[in-house]
Amino acid sequence: MITRVLFFFLANFNHIKQKTLTGTDRPSRTHLGQWLKQKNQVCKEFSEAIDKDFWTASKQFWQTIQQLRRYEMSLKLFIKLSRDNIYKEKRIAINTMDKDAVLIHILKLKGVSTLLGGDLPVRVINENKYISPLAAEGEVIEENLPTVDQAIRTALTGENKIVTVIGPEGSGKTTALEKLVVDWAKGEHLQNFEYVFHFRFQDLNAHEDVLSIATLIQRCHHYFPPKAMPLVVQKPEDVLFVFDGLNDYKHSLDPAVYTLCSDPDQAVSVPCLLASLLHGSLLNEATFVVATRPTAYLKFLSGSQVKVLGFLKSQRNSYVNSFFTDAPAANKALMHMERTLGFYDFCTSPRFCWTVCSVYKPLTDSGGKLPETLSQLFVDILVHLIQMLSLSQADSRELVLALGRMASHCSTGQHLSCTKAQMYSFGFQPFLTSADTFLRREGELESDTCVFSFHSQLMQEFMLALSFFLDKSIYTGAEKMLEKHKDSTKFLDLFLSGLSEPTQRRPLENLLGEFNCDQIKDFKQWFKSSSEEALQGYNTDSHYRCFHLLHQAQSESLVKEIIIPSARIGISYGNLSLQDCVAWNYVVACLGGTDWLNLLTASFLSTGAVSHLASALNRGLTRELDLSHSHLGDEKFKILCAGLRDCKLQKLHLVTCNLTEASCEDLVSALTSDTSQLCLLEMAFNEIGDQGFEKLCGALHSPHCKLEKLQLDTCELTEASMEVFSAALCSGQSQLKEVDMKRNIMDDSGVEALCKALQHPLCKLQSLNLSMCELTGACCSHLSGALMSEYCSLSELDLSVNELGQEGALLLCQALRRPGCILEKLGVEMTRLTDACLEDLCTAVRASKTLKRLELRNNSLTDASVPALVQVMQDSHRMQEMK
Ligand SMILES: Nc1ncnc2c1ncn2[C@@H]1O[C@H](COP(=O)(O)OP(=O)(O)OP(=O)(O)O)[C@@H](O)[C@H]1O
């Protein structure tokens with residue numbers, strides 16, 4: 001015992017010695033030498049006493065201890081004096097703040113890391129786990145976003161004296177602000193400021209007395225020497241105030257509420273001090289960084305704003321990789337997270353990423369199954385938290401119900417936090433000491449002013465959903481509950497749907513006891529009737545919501561029960577967000593595919609949405625896909641093609657999809673895959689050009705390519721690619737029957753090349769549209785030759801809006817008269833025909849054995865030609881239409 005006590009003191013001595021040698025509190029070498037000598041003497045005396053006899057030793061021991069204590073105290077005093085000297089020296093020498101002290105102050109561990117609350121910002125910074133979230137200034141631009149740190153620093157170099165950092169819960173504001181101060185204290189950034197003071201609005205709420213700015217600074221930054229205060233006041237332009245958590249502030253920021261002060265020595269209330277600082281009456285030249293969630297206070301803050309976007313995919317990538325030390329495990333976790341959750345906005349929250357990784361880690365280590373949906377994730381989280389408390393089943397259920405009442409209170413009254421008294425009224429009293437496991441706490445647990453809130457809106461909604469199934473007395477029915485919380489919840493119905501399925505709720509039932517079966521039945525009835533109504537209608541948002549609920553439930557049988565044949569699914573599913581795509585993909589996969597998928601009105605499909613679409617096509621039975629006007633672009637089209645290579649698609653509409661030559665290669669690989677069934681391809685209004693088209697022609701040589709109809713309206717084609725096209729048509733493999741090439745600058749030479757194919761025995765082309773292709777009468781001799789060929793299978797030809805003229809018309813008439821010509825439909829609208837060609841035209845129509853439709857509008861034919869044309873129509877039993 002005696003020896004243990006002695007060791008304790010010796011250890012303490014060593015600790016002090018260590019501090020004096022390495023810390024900032026460094027005494028002089030002489031003093032340290034004296035102290036060591038005295039310590040050795042004490043130890044010697046002590047061991048001698050022990051050697052004599054125990055009782056003397058005991059007496060000697062106490063003397064020794066007293067001596068040791070005296071030395072210790074004197075040493076501590078010395079350290080304090082020497083520290084004050086250092087401050088003084090520093091002040092005199094460089095007139096600046098002690099940055100080491102700032103570092104110690106900011107990096108002091110406050111609070112604990114929890115699964116829902118996140119890893120402590122200090123730990124994130126200390127352990128080099130900081131990954132800078134992205135930010136946006138003004139409008140969000142997708143590329144080259146600055147990091148939050150860069151954005152704040154840039155904003156601080158401008159004229160603005162206030163930079164407001166705005167971001168949702170858990171987006172990394174606190175961590176970014178602490179990093180800002182740490183970087184400054186380490187001398188890395190913002191060295192134009194001599195003084196940086198970090199405050200939390202939450203702490204500022206607690207000051208109820210009147211005080212001057214100097215006293216406030218001193219109170220919150222004990223290390224700041226009072227004598228340096230005049231410098232802060234004299235040169236406010238050297239001062240940066242960092243205020244965190246404006247949304248936690250309990251007072252007004254409205255300048256009209258206060259008599260703003262300008263005298264730094266004047267003692268006023270803290271709210272008045274803060275309003276005076278932020279409205280520029282006090283320390284007018286000082287600079288401020290204020291962080292907040294979106295709040296009504298923002299209207300009182302001038303200056304520039306930095307919007308925290310959080311972690312986008314690449315930051316999540318880095319985060320997960322730094323969380324998991326093992327690269328394959330990190331990769332697995334990341335892929336899973338992106339597939340199952342990456343499409344939700346809240347994944348940009350670093351706090352959410354921490355929670356997800358903390359759930360994934362033990363599961364990946366133990367080879368467990370990772371949660372597939374948001375509901376499953378929250379079931380896993382809650383199971384983990386409850387297990388940590390080792391409560392009985394009854395107590396666990398009580399705890400969850402208390403949290404459910406709290407969630408209901410916060411949601412209905414839009415309360416952000418609850419007082420201790422309120423928590424008691426929810427039945428939380430027995431679980432108060434476990435509050436930190438589930439909730440965010442402000443204030444000491446023992447204090448009556450302590451308040452509690454949920455770490456995230458998601459957890460709040462999950463608890464609300466869970467309590468619905470546990471206690472029938474809380475809500476009479478799902479519909480009423482959803483109605484009651486409709487303005488304050490986003491995921492409530494999703495969680496209800498997830499929890500209503502037996503496999504998903506089982507882990508919770510094992511801990512909390514069975515869910516109330518009446519409540520489950522009630523929810524299912526509501527889901528069935530509301531989705532039946534939604535799916536009969538045309539409101540696509542209601543369709544998507546229904547798919548989301550089905551996705552959360554993860555039950556194939558439920559999908560088949562809800563999506564009955566009369567459901568109008570597939571109606572113009574445009575503007576699909578990534579989430580919608582995932583849910584839709586799930587439903588399609590469960591149904592085994594639908595016959596057609598129309599995304600006609602889609603104006604924007606994100607990359608992720610396209611990859612989900614590709615995988616849906618790949619696994620499904622969809623026969624027709626319309627992505628027209630989706631401005632897809634080559635990059636996303638490449639992703640889509642992965643799904644096109646092995647699918648049942650027969651018709652693909654890609655009008656105005658911003659595709660270029662680059663997409664044609666991918667398209668070729670889809671068209672030539674041995675399972676390809678694509679027979680219609682619409683590519684109108686894409687700048688694929690000759691080079692792209694030549695690549696596409698390569699597919700026509702493949703025996704796997706089933707293409708029969710090709711639409712190339714306005715695709716920037718010229719005569720340059722027509723030889724290659726012609727060769728493809730004659731290859732014997734091409735199944736092409738209809739080609740629309742209108743509005744391409746083909747010229748007569750292009751038609752000449754095409755005509756070689758038209759008279760080839762292996763060419764199967766039956767319909768050709770060459771309107772608006774800048775043709776003249778010169779191409780008609782080739783066309784006429786082709787039409788008269790015994791191998792020509794063309795039955796429809798549109799040459800409208802070309803300068804064919806008299807000469808061209810006569811050549812075409814020659815062909816029509818020949819018995820071998822099988823043309824049924826001829827379009828020569830606006831081709832400069834005159835009355836002079838009337839006689840030949842009428843003869844040709846009469847002689848033709850096949851012609852049924854003739855388009856003559858907008859030519860220079862006068863009234864004089866009308867009787868002859870009417871007569872032709874009357875004489876011919878084949879002619880069906882002449883315009
Ligand atoms: N840059 C970062 N790098 C790594 N982890 C981070 C980062 N930022 C935040 N985190 C993690 O997310 C948690 C929450 O972050 P933080 O408290 O900074 O968010 P916040 O925006 O201030 O949230 P709130 O609005 O709820 O106060 C941190 O505790 C930490 O675990």
Side-chain angles (χ1 to χ4, degrees), residues 106-107 109-135 145-152 164-183 198-205 242-249 289-295 297-298 305-312 314-324 330 334 337 345-361 410 416-417 436 438-442 451-460:
I106 196 100
L107 293 180
L109 279 184
K110 300 158 222 130
V112 283
S113 303
T114 61
L115 181 64
L116 295 170
D119 198 6
L120 285 179
V122 175
R123 218 191 305 266
V124 170
I125 299 167
N126 267 345
E127 295 177 7
N128 288 331
K129 288 187 184 153
Y130 184 83
I131 289 155
S132 194
L134 295 188
L145 288 166
T147 65
V148 167
D149 315 55
Q150 284 164 346
I152 298 176
T164 314
V165 181
I166 308 164
E169 60 184 33
S171 55
K173 303 179 293 295
T174 297
T175 316
L177 258 53
E178 291 191 9
K179 180 78 166 54
L180 185 92
V181 179
V182 167
D183 286 351
H198 178 274
F199 294 92
R200 295 184 330 145
F201 277 99
Q202 207 183 88
D203 302 334
L204 293 170
N205 285 330
V242 177
F243 286 114
D244 188 21
L246 176 59
N247 49 288
D248 290 327
Y249 191 43
V289 175
V290 181
T292 181
R293 293 183 191 175
T295 162
Y297 284 120
L298 285 171
Q305 294 190 338
V306 170
K307 294 197 178 100
V308 187
L309 300 179
F311 287 174
L312 302 193
S314 82
Q315 289 74 39
R316 288 203 289 271
N317 195 342
S318 315
Y319 185 83
V320 175
N321 273 296
S322 81
F323 193 100
F324 288 80
L334 186 74
M337 181 176 174
D345 288 350
F346 48 72
C347 277
T348 55
S349 151
R351 182 182 290 148
F352 185 75
C353 293
W354 154 268
T355 305
V356 173
C357 288
S358 308
V359 172
Y360 282 8
K361 181 87 172 58
C410 292
L416 291 176
S417 56
D436 290 348
F438 298 92
L439 303 170
R440 181 177 177 225
R441 174 170 54 86
E442 287 159 38
V451 292
F452 303 85
S453 55
F454 282 100
H455 283 290
S456 71
Q457 175 72 18
L458 277 173
M459 191 61 183
Q460 181 175 309

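Numbering of ligands and ligand atoms starts at 1, following listing order. Basis for what follows: all heavy atoms, side chains included, without hydrogens, waters or symmetry-related copies. Quick caveat: nothing in here was measured; it's all calculated off a predicted structure.
Note on ring orientation: taking the six-membered ring where Trp is involved, the planes of Trp354 and Phe323 are perpendicular (angle over 60°, cut-offs 30° and 60°). Classification of the Phe352-Phe346 ring pair by plane angle, with boundaries at 30° and 60°, yields perpendicular.
Within 4.0 Å of ligand 1, contacts by protein heavy atoms are made from Gly117, Gly118, Asp119, Pro121, Val124, Lys129, Tyr130, Ile131, Pro133, Pro168, Glu169, Gly170, Ser171, Gly172, Lys173, Thr174, Thr175, Arg293, Phe311, Tyr319, Pro350, Arg351.
Ser456 and Arg351 are not linked by any side-chain donor-acceptor pair at a separation below 3.5 angstrom, with hydrogens and angles left out of the test.
Among residues two or more places apart in sequence or in another chain, the salt bridge (charged side-chain N to carboxylate O under 4.0 Å, His left out) test is passed with Asp203 by Arg200.
Salt-bridge annotation for Arg293 and Asp248: absent, with no side-chain N of the basic residue lying under 4.0 Å from a carboxylate O of the acidic one.
Residues Phe452 and Arg441 come closest through the heavy atom pair CE2-CD, 3.8 Å.
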